[in-house]
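Keep in mind it's a predicted model, so treat the numbers as computed, not measured. Letters A, B, ... mirror the listed sequences (proteins, then strands); counts begin at 1.
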Number of protein chains: 2
Amino acid sequence: MQTSAHDQYFRSDDHNHARCRREAVATAATLCAQRGARLTPLRRQVLELVWARHAPVLAYDLLDQLRARQRRAAPPTVYRALDFLLEQGLIHRIESMNAYVGCVDPFVEHAGQFLICNRCRSVAELDDAEIGEAVKAQATAAGFQVMRPTVEIRGICSACAR
Amino acid sequence: MQTSAHDQYFRSDDHNHARCRREAVATAATLCAQRGARLTPLRRQVLELVWARHAPVLAYDLLDQLRARQRRAAPPTVYRALDFLLEQGLIHRIESMNAYVGCVDPFVEHAGQFLICNRCRSVAELDDAEIGEAVKAQATAAGFQVMRPTVEIRGICSACAR
DNA sequence: TCATGTTATGTTATATTATAACATTGGAGG
DNA sequence: CCTCCAATGTTATAATATAACATAACATGA
């Protein structure tokens, strides 16, 4: 399989995504166990659904999918599970899409920075120090105390630009 | 009147905001005239309402205010005016709040970066080259073509932290 | 001037996203 | 087992946004 420098950002179409998802859920289970947080069957199921792709998923799409899998579900079912996963840092909310995406590094808390393709919707999650420092520098100059930085870069990924 | 280094970011409570608003609307009129875009009474009125403060305004609050001023208005009335103002670069949408804020530099197109106080909701609009370049560098490394960068930093402004 | 096409606004209905409030269930620890 | 608290179920509704079509206003060339 060929690789390129871009691969560390966006996943190729043919990467083993089942494995990504499996590992993400396993990691989540470990972290929750460590923290005494309960990754219930519902929450785990929602996490799996969010991990369907490296792309943001809408809350009501999750709702439809839960219902398709014979689970009684209403909007709060989904939003509460998402709230739990957000609190645990297992997913991120993409503000510019009202959507949710799995966190690729849930071990340490971080807001993340996202490159989001407008065509295929794929997301690359970054945690770039230079962006973070540039933001911090401006905040400091303004006497501003950062609580939650949102950095979402919309555009076209290399695969879609070809 | 005392000033501090922070003033170039957030406006003090006692700045002459009526003047900010007047100038913003005058600038908008000039730009629209230059471009052959029509800043109709409705659009101008919405722009004035968005400029009520240096803080994001919700679409349905604008709707209520239009109605309070004896104008027949429905949601599309407001959203269409907002769309026009966004297209002309006269306002920005704050994705993390579903809200809209006046652009402090509408002469050149730019996405802007925002420091937003969670307490008083005041916004400081930046267009910092370092942030922009750090984002650009990551995008380039990922082979990603940036179309619309969203940078919204939520936190506490210096006035509210005191 | 007025006929005409185009842009802007009015109007009604509905889609989409999210939360409030209260009832019920189920698990963990005493 | 109890008991309590956390999790989920359930119903209703709030908040944000757009679709679709009707009417009005405006610009411009005949």
Side-chain angles (χ1 to χ4, degrees), chain A residues 28-29 32-50 55-88 90-101 121 150 152, chain B residues 28-29 32-50 55-88 90-101 121 150 152:
Chain A
C32 286
Q34 280 174 14
R35 297 168 181 169
R38 292 174 56 201
L39 187 66
T40 63
L42 172 63
R43 290 163 172 175
R44 175 190 295 261
Q45 198 174 2
V46 170
L47 182 62
E48 281 166 358
L49 292 171
V50 169
V57 179
L58 301 169
Y60 275 73
D61 286 349
L62 293 170
L63 182 54
D64 291 343
Q65 291 169 65
L66 283 179
R67 285 172 165 161
R69 294 170 190 219
Q70 10 270 6
R71 195 179 244 289
R72 298 196 146 277
T77 312
V78 168
Y79 283 103
R80 286 191 289 226
L82 291 171
D83 286 344
F84 170 85
L85 298 170
L86 286 167
E87 273 165 23
Q88 295 298 322
L90 300 170
I91 63 174
H92 295 286
R93 176 175 160 87
I94 303 298
E95 298 290 351
S96 63
M97 300 177 77
N98 298 324
Y100 305 84
V101 69
R121 324 222 106 194
T150 297
E152 300 173 5
Chain B
C32 286
Q34 280 174 13
R35 296 168 182 169
R38 293 175 53 201
L39 187 65
T40 62
L42 173 63
R43 290 163 173 175
R44 175 191 294 261
Q45 197 174 4
V46 170
L47 182 62
E48 281 166 358
L49 291 171
V50 169
V57 179
L58 301 169
Y60 275 74
D61 286 350
L62 293 171
L63 182 55
D64 291 344
Q65 291 169 66
L66 284 179
R67 285 172 167 162
R69 293 169 191 221
Q70 10 270 10
R71 196 179 244 289
R72 297 196 147 276
T77 312
V78 168
Y79 283 104
R80 287 191 289 224
L82 291 171
D83 285 345
F84 170 85
L85 298 170
L86 287 167
E87 273 165 24
Q88 295 298 323
L90 300 171
I91 63 174
H92 294 287
R93 176 174 159 88
I94 302 299
E95 297 290 350
S96 62
M97 301 178 77
N98 298 325
Y100 305 83
V101 68
R121 322 229 106 190
T150 297
E152 300 174 4

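- Within a 6.0 Å sphere centred on CZ of A/Arg72, heavy atoms belonging to other residues, nucleotides or ligands number 12 at most.
- Under a cut-off of 6.0 angstrom, the local environment of CZ in B/Arg121 is sparse, with at most 12 non-hydrogen atoms contributed by other residues, nucleotides or ligands.
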Item checked: Test side chain to side chain contact (heavy atoms under 4.5 Å, CB included) applied to A/Leu82 and A/Val50, step by step -> CA-CA 9 Å; A/Leu82 291 171; A/Val50 169; 4.2 Å; yes

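- Distance CG (A/Asn98) to P (D/dA17): 8 Å, rounded to an integer number of Å.
- In terms of heavy-atom proximity, B/Met97 sits nearest to B/Leu58 at O-CD2, 3.6 Å.
- Following rounding to the nearest Å, A/Met97 (CE) and D/dA17 (P) show an atom-to-atom distance of 15 Å.
- When heavy atoms are screened at a 4.0 angstrom cut-off, B/Arg44 is found touching no nucleic acid atom at all.
- B/Val57 has its side chain out of reach of B/Val101: every pair of non-hydrogen atoms, C-beta onward, lies at least 4.5 Å apart.
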Item checked: Where protein sits on nucleotides 22-30 of chain C, one letter per nucleotide: B base, S sugar-phosphate only, - none, heavy atoms under 4.0 Å -> -----S---

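- Checking side-chain atoms of B/Arg43 against main-chain N and O of B/Leu85 turns up no donor-acceptor pair under 3.5 Å.
- Note: CZ (B/Arg43) to C1' (D/dC26) measures 12 Å, nearest angstrom.
- B/Leu82 has its CG atom 10 Å from the P atom of D/dT18, to the nearest Å.
- When each of B/Arg93 and A/Leu42 is assigned the nucleotide of DNA chain D bearing its nearest heavy atom, the one mapping closer to the 5' terminus is A/Leu42.
- Atom CG of A/Leu86 and atom P of C/dT19 are 11 Å apart (whole Å).
- Contacts of residues 60-78 of chain B with DNA chain D (heavy atom under 4.0 Å): B/Tyr60, B/Pro75, B/Pro76.
- Comparing D/dT8, D/dT18, C/dA18 by their closest approach to the side chain of B/Tyr79 singles out D/dT18.
- Looking only at atom types and distance, the side chain of A/Ser96 has a donor-acceptor partner in the side chain of A/Glu152 under 3.5 Å away.
- Separating the CD atom of B/Gln45 from the C1' atom of C/dA8 is a distance of 15 Å, rounded to the nearest angstrom.
- No side-chain donor-acceptor contact under 3.5 Å links B/Gln88 to the backbone of B/Phe84.
- Side chain to side chain, A/Gln45 and A/Arg69 fail the donor-acceptor criterion of an N or O pair below 3.5 Å.
- B/Arg67 places a side-chain N or O within 3.5 Å of a backbone atom of B/Ala73 that can act as its donor or acceptor partner.
- What you find for B/Leu47 and B/Ala28 is that their closest heavy atoms are CD2-CB, 3.4 Å.
- Nucleotide C/dT9 holds its P atom 12 Å from the CG atom of B/Asp83, rounded to whole Å.
- Note on the helix from C/dT1-D/dA30 to C/dG30-D/dC1: angle between the axes of the first and last five pairs equals 20°, rounded to 10 degrees.
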